[in-house]
Amino acid sequence: MLLSCSEHKDSSEKKHKDKEKTKHKDGSSEKHKDKHKDKDKEKRKEEKVGVSYRGGKMKPPFFVSFCSPPRIKDEPDDDGFYASPKEDSKPLKRPREDDDADYKPKKIKTEDIKKAKKRKQEEEETDNSVLNCIEWEEERYPEGIKWKFLEHKGPVFAPPYEPLPENVKFYYDGKVMKLSTKAEEVATFFAKMLDHEYTTKEIFRKNFFKDWRKEMTSEEKSTITSLSKCDFTHMSQYFKAQTEARKQMSKEEKQKIKEENERLLKEYGYCVMDNHKERIANFKIEPPGLFRGRGNHPKMGMLKRRIMPEDIIINCSKDSKVPPPPPGHKWKEVRHDNKVTWLVSWTENIQGSIKYIMLNPSSRIKGEKDWQKYETARRLKKCVDKIRNQYREDWKSKEMKVRQRAVALYFIDKLALRAGNEKEEGETADTVGCCSLRVEHIKLHPELDGQEYVVEFDFLGKDSIRYYNKVPVEKRVFKNLQLFMENKQPEDDLFDRLNTSILNKHLQDLMEGLTAKVFRTYNASITLQQQLKELTNPDDNIPAKILSYNRANRAVAILCNHQRAPPKTFEKSMMNLQSKIDAKKEQLADARRELKSAKADAKVRRDEKSKKAVESKKKAVQRIEEQLMKLEVQATDREENKQIALSTSKLNYLDPRISVAWCKKWGIPIEKIYNKTQREKFAWAIDMAEEDYEF
DNA sequence: ATCGGAACTTAGTATTCAGCCG
DNA sequence: CGGCTGAATACTAAGTTCCGAT
């Protein structure tokens with residue numbers, strides 16, 4: 001059933017039950033804080049869900065507006081800006097598909113299923129699966145069931161701590177001090193990071209020291225009272241030497257380690273899920289260490305404790321062989337929950353969240369989900385125009401909440417912002433997404449650099465990556481933003497009547513299965529498709545076409561703000577490449593000279609041998625020209641990629657079928673676009689998509 | 001019906017690997 | 001043939017959305 005899901009699965013999406021949290025941010029501008037529970041709306045939605053999709057019915061009529069009561073008490077004076085009938089409606093800035101008309105709602109199904117079936121058969125033949133494949137296409141699990149059979153070997157635990165050799169010393173206040181094993185282990189975590197700037201940060205040091213002291217004996221505790229008196233340098237040197245020694249190991253030793261890893265992988269790296277042997281993504285338990293959050297994380301430096309079998313919950317099927325815990329230990333629990341996909345879980349001690357061991361992206365269960373994701377995005381394509389018209393209408397709504405929702409959705413759509421859940425203050429780095437934007441994160445410019453109504457965004461998003469962008473917006477949006485910001489402090493929420501739950505509930509009404517993140521997927525994929533159309537020059541050779549592909553990919557990465565730290569060696573490697581290009585140019589000049597003289601030679605001699613020489617010189621020139629071209633393309637590509645990470649969008653946002661189709665269309669080997677891992681992840685798409693695939 | 005936690009996707013960085021060049 | 005480099009992979013944090021207990 002691998003690839004046959006969509007309709008059914010889509011229709012089985014559950015009712016939405018998002019909570020409607022009230023935001024609290026102390027004191028300031030209280031009048032903006034009162035939330036309105038739109039009971040009416042809630043009710044109506046309920047009804048809709050009732051008749052809805054389950055059982056394959058049509059989704060509810062596109063949208064019902066809820067402008068009616070209750071009015072907001074601080075409803076702004078109608079200054080006419082939103083009621084004005086002559087208000088223009090400029091098209092959105094981002095290019096969009098105009099050919100929606102001839103878009104056919106390809107329902108995948110039969111054809112694809114056949115193909116998938118074929119592929120699966122082939123796969124079976126080469127597969128290392130020991131099991132017979134029963135007719136997998138037919139298996140269609142009842143709602144929520146993820147598998148019928150699941151067997152695995154359990155996790156691999158981090159290697160136990162090996163105490164330092166006697167001669168490696170720790171000094172406190174200038175004096176040698178022998179630490180207890182537990183305290184020593186934690187000290188080594190710090191020592192290993194000594195070169196990292198983390199260890200200079202106040203919060204990191206404070207958190208570390210606090211947690212370290214918890215591991216100390218009472219004696220150590222009373223002696224070691226100040227981190228700045230601790231000297232880890234000797235330990236640090238020891239570890240550096242160890243790393244060095246590891247590098248210097250002989251081939252045989254390295255080989256041995258490699259084999260050991262392979263053995264581990266073979267033994268623990270796979271599981272059996274419903275007649276298939278599947279690769280596990282992360283079968284190794286995270287080793288203990290110091291927590292390194294991203295950005296300005298309040299918990300950085302805290303001790304991530306060692307996970308023991310007693311912390312571990314095993315999930316597998318009842319009729320499987322339950323993995324035995326390590327000798328002398330017990331699992332926390334063994335359960336048989338086939339409504340989830342994880343194999344192993346444990347609770348982590350920094351945030352108290354649960355961590356999981358799950359399957360590799362190449363697995364059926366992940367691939368299917370991935371496919372579904374893109375199908376949802378394609379369904380959005382069909383109704384995105386309606387939705388856009390709707391939110392533009394809503395900018396004029398009498399209800400504050402509706403307006404905020406509409407403006408937020410506009411940002412999510414136009415700028416591919418993330419939804420932006422509220423976060424518990426002090427638990428994580430202070431980052432935001434769309435719904436959690438604060439007044440301080442945007443600046444309004446009625447005019448800027450010759451453009452009207454420019455919004456300047458500057459905030460930290462996921463992973464504390466900065467989002468900085470100046471965007472011209474439509475007048476109504478601009479006016480609305482001014483309104484939202486009235487009488488607020490910088491640290492107040494911009495959309496004080498909105499949260500992701502409200503937004504997603506609304507989206508759910510607009511389209512079954514629609515959530516905020518679908519817009520990111522949709523806009524990323526549609527941009528790729530459109531950019532590929534635009535940028536691919538049929539006359540280009542393969543490297544040039546690939547450059548075009550990368551540029552299209554890059555357009556998406558920029559849209560999604562996927563950044564990376566410029567590689568440390570970037571400048572250097574750029575220079576290397578340049579000198580390579582220079583060398584190649586010289587080589588080309590040489591080759592041309594040689595060709596010339598060979599030609600002259602042939603003219604004089606007129607024998608077969610010299611003719612052949614000319615031919616071979618010609619070929620040499622051509623080859624070098626090609627090589628040069630390739631290098632130059634590479635240089636351009638790399639320069640443009642300095643701070644942009646392509647891999648995230650490639651892996652998570654771009655419908656792989658677009659890329660596969662493009663490759664087929666232009667005769668580009670798929671290996672040029674996707675490496676081995678990516679090909680495994682996108683196997684379903686590689687098999688399914690034809691040249692004419694349309695997202 | 002709400003709430004908070006569970007489940008799962010998305011993310012950037014650190015480490016390892018493989019192959020190329022001198 | 002070893003050291004270096006860029007690519008691939010490993011790792012795990014940080015998001016979003018779902019969902020079940022109360």
Legend entry - Option among A:Tyr467, A:Phe411, A:Tyr468 that satisfies the ring-ring contact (aromatic ring centres under 6.0 Å, His included) test with A:Phe459: A:Tyr467
Inset, instruction - Looking only at side-chain atoms of A:Asn675, point me to the closest of C:dT16, C:dA8, B:dA18. - result: C:dA8
Legend entry - Nucleotide nearest A:Ile354 when distance is taken to its side chain, options B:dA6, B:dT10, C:dT12: B:dA6
Legend entry - Minimum side-chain heavy-atom gap A:Leu290-A:Phe208 below 4.5 Å: yes
Inset, instruction - Nearest whole angstrom, please: distance from the P of C:dA14 to the NZ of A:Lys517. - result: 19 Å
Legend entry - Proximal nucleotide (of C:dC18, B:dT9, B:dT10) relative to the A:Tyr653 side chain: B:dT10
Inset, instruction - Please name all residues satisfying side chain to side chain contact (heavy atoms under 4.5 Å, CB included) with A:Leu264, sequence neighbours left out, ordered by chain then number. - result: A:Val156, A:Glu260, A:Tyr268, A:Lys284
Legend entry - A:Lys304 side chain, from C-beta outward: closest of C:dA14, C:dG15, C:dA13: C:dA13
Inset, instruction - Take A:Lys462 and A:Lys146, find for each the nucleotide of DNA chain C with the closest heavy atom, and name the residue whose nucleotide sits nearer the 5' end. - result: A:Lys462
Legend entry - Within residues 340-349 of chain A or reaching into it, pairs that qualify as side chain to side chain donor-acceptor pair (under 3.5 Å) - sequence neighbours excluded: A:Glu348-A:Ser353
Inset, instruction - Look at A:His562 and B:dA11 and indicate whether a side-chain polar atom (N or O) is within less than 4.0 Å of OP1 or OP2. - result: yes
Legend entry - Shortest side-chain distance from A:His196, nucleotide among B:dA14, B:dC8, C:dT16: B:dA14
